[in-house]
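When a residue number appears, it is its place in the shown sequence, counting from 1. Counting starts at 1 for both ligands and their atoms, following the listed order.
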Amino acid sequence: MIGLDPRAASVWTPGPLLGVETSCDETSAAVLSTNGTVLSNVISSQHAVHQPFGGVVPELSSRAHIETIEGVASQAMREAGVQWTDLAGLAVTQGPGLAGSLIVGVNYAKALSYALRIPMVGVSHLEGHIASAWLQDPAFPVPCVVLVASGGHSHLYLKQSDAGCTLLGRTRDDAAGEAFDKGAQMLGLEYPGGPAIDRLAQTGSATAIPFPRSYLRKESLDFSFSGLKTALLYKLQEMDQGQRDARIADLAAGYQEAIVTVLVDKAFFAVKSSGVTALAVVGGVSANTRLRMLLQRRASTSSIRLSLPPLSYCTDNAAMIAAAGRQALLTGKRAALDMEADACLALQT
Ligand code: KG4
Ligand code: ZN
């Protein structure tokens, strides 16, 4: 251990906090005020870098993080109006994610922690997504059910307290975002596929071309999206190029509908079976227009309180990492300067 051991101080005196997120293809930094409000949330997307390859190329991702992290963090500090020497803490995504990308953020946070002599904490990316539900709505109730629907996860949790979550169900194969991205690739749409399907589906009919919905066994809270992908593949194989071009919006709308209706049904079933009255839906897929509409409609007819973060907090961002890190620092957690990125970091439940 060199220099300051951030574990030495167990009581954290709240002050401005910098969050850093580099787990995948967004370089992001955010500053929270002493009382936890978001002062800045800068996101630099690498979509243009990966676009020609139709998906994230890990080597290019880590290189792009190295090139942008300093500028993104400086911009977040400038926009927040906070001086580096005023920072009281740091939060960084420790995992899960792409190893080479995580290392960039973790090393950046370590260097700052050492130079500024301030405590640092490593945060699970999932914990960050879950925390995003309270960024805009700090009074959102606990206990509640949280659906994390992203490129890597489709997980349903019961959040019983500020500290604890129980896993209720998860995908058995592809995550919802992965189903969007792979479906978009089959349809010949650009990367990232989720927003591309979302846009195209708005001009199509969700019922013109039926797709199977996978509920697994009755009352299961697990998901499965791989059969849906196969169904899309078979439908495309049955059509010639002209038919595909003519019906692409209907294909997108039908495919999207099969993903989002299962997400909505299972999330509300989880709420009912857990006996809670609040549901938070977070992660990149929660930016989906149709999903948001169906969730809002169902929540209003069933008197369930819904937290749907604004779009800038749905996809990867550092504000959510800062919020989860702030909570961890307040409960006495600290990372030492030998903390390592962990590509497979599991959520502590
Ligand atoms: O949370 P996120 O930014 O990164 C991960 O933690 O994975 O989620 C990215 C995923 C991608 O699969 C992307 O296609 C999907 O979220 N996504 C969407 C939309 N915006 C992003 N899926 C459907 N509709 C959208 N509007
Ligand atoms: Zn994410």
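Checked by atom type, the side-chain pair Gln202/Thr289 shows a donor-acceptor distance below 3.5 Å. A donor-acceptor pair shorter than 3.5 Å cannot be found between the side chains of Ser300 and Gln296. Under 3.5 Å, the side chains of Tyr108 and Glu70 contain a donor-acceptor pair of N or O atoms. Ser23 and Thr93 share no donor-acceptor pair across their side chains, judged by distance under 3.5 Å alone. With hydrogens and angles left out, the side-chain atoms of Asp25 and Ser61 include no donor and acceptor closer than 3.5 Å.
The atom of Asp316 that is an N, O or S and sits closest to the Zn ion (ligand 2) is OD1.
The pair Arg298-Asp265 meets the salt-bridge criterion, since a charged nitrogen lies less than 4.0 angstrom from a carboxylate oxygen.
When heavy-atom distances to ligand 1 are checked against a 4.0 Å cut-off, Asn288 comes that close through both its backbone and its side chain. The residue His153 has no part lying near ligand 1, judged by heavy-atom distances below 4.0 Å.
The line from CD1 of Ile248 to CG of Leu189 is 5.0 Å long, rounded to the nearest 0.5 Å. Between atom CZ of residue Arg326 and atom OG1 of residue Thr34 there is a gap of 8.0 Å, rounded to the nearest 0.5 Å.
Listed for the Glu21 side chain is no donor-acceptor partner under 3.5 Å among the backbone atoms of Val92. Judged purely by atom type and a 3.5 angstrom limit, Ser113 has no side-chain atom pairing as donor or acceptor with the backbone of Ala109.
In terms of protein heavy-atom proximity, atom 3 (O) of ligand 1 is nearest to Asp316 N, 3.0 Å. Looking only at protein heavy atoms, the nearest one to atom 6 (O) of ligand 1 is His125 NE2, 3.1 Å. Protein heavy atom at the shortest distance from atom 12 (O) of ligand 1 is Asp181 OD2, 2.7 Å. For atom 10 (C) of ligand 1, the nearest non-hydrogen atom of the protein is Gly151 N, 3.5 Å. Closest to atom 20 (N) of ligand 1, if we only count protein heavy atoms, is Gly284 O, 3.4 Å. Asp198 OD2, 2.9 Å is the protein heavy atom nearest to atom 26 (N) of ligand 1. For atom 22 (N) of ligand 1, the closest non-hydrogen atom on the protein side is Gly194 CA, 3.3 Å.
Within ligand 1, the atoms closer than 4.0 Å to a non-hydrogen atom of Gly152 are 7 (O), numbered from 1 in the order shown. Under a 4.0 Å criterion applied to the non-hydrogen atoms of Thr315, ligand 1 contributes the atoms 3 (O), 21 (C). Remark: ligand 1 atoms within the under-4.0 Å shell around heavy atoms of Gly177 are 12 (O). Those atoms of ligand 1 that come under 4.0 Å of a heavy atom in Ser150, given as number and element, are 1 (O), 5 (C), 6 (O), 7 (O), 8 (O).
Remark: distances from the non-hydrogen atoms of Cys24 to ligand 1 are all 4.0 Å or more. Proximity of His129 to ligand 1 is established by a heavy-atom distance of less than 4.0 Å.
Checking His125 against the Zn ion (ligand 2), an N/O/S atom falls under the 2.8 Å cut-off. Here His129 meets the criterion, with an N, O or S atom under 2.8 Å of the Zn ion (ligand 2).
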Tell me, with the steps shown, if Glu26 and Asn317 meet side chain to side chain contact (heavy atoms under 4.5 Å, CB included).
CA-CA 7 Å; Glu26 259 99 24; Asn317 68 90; over 6 Å; no
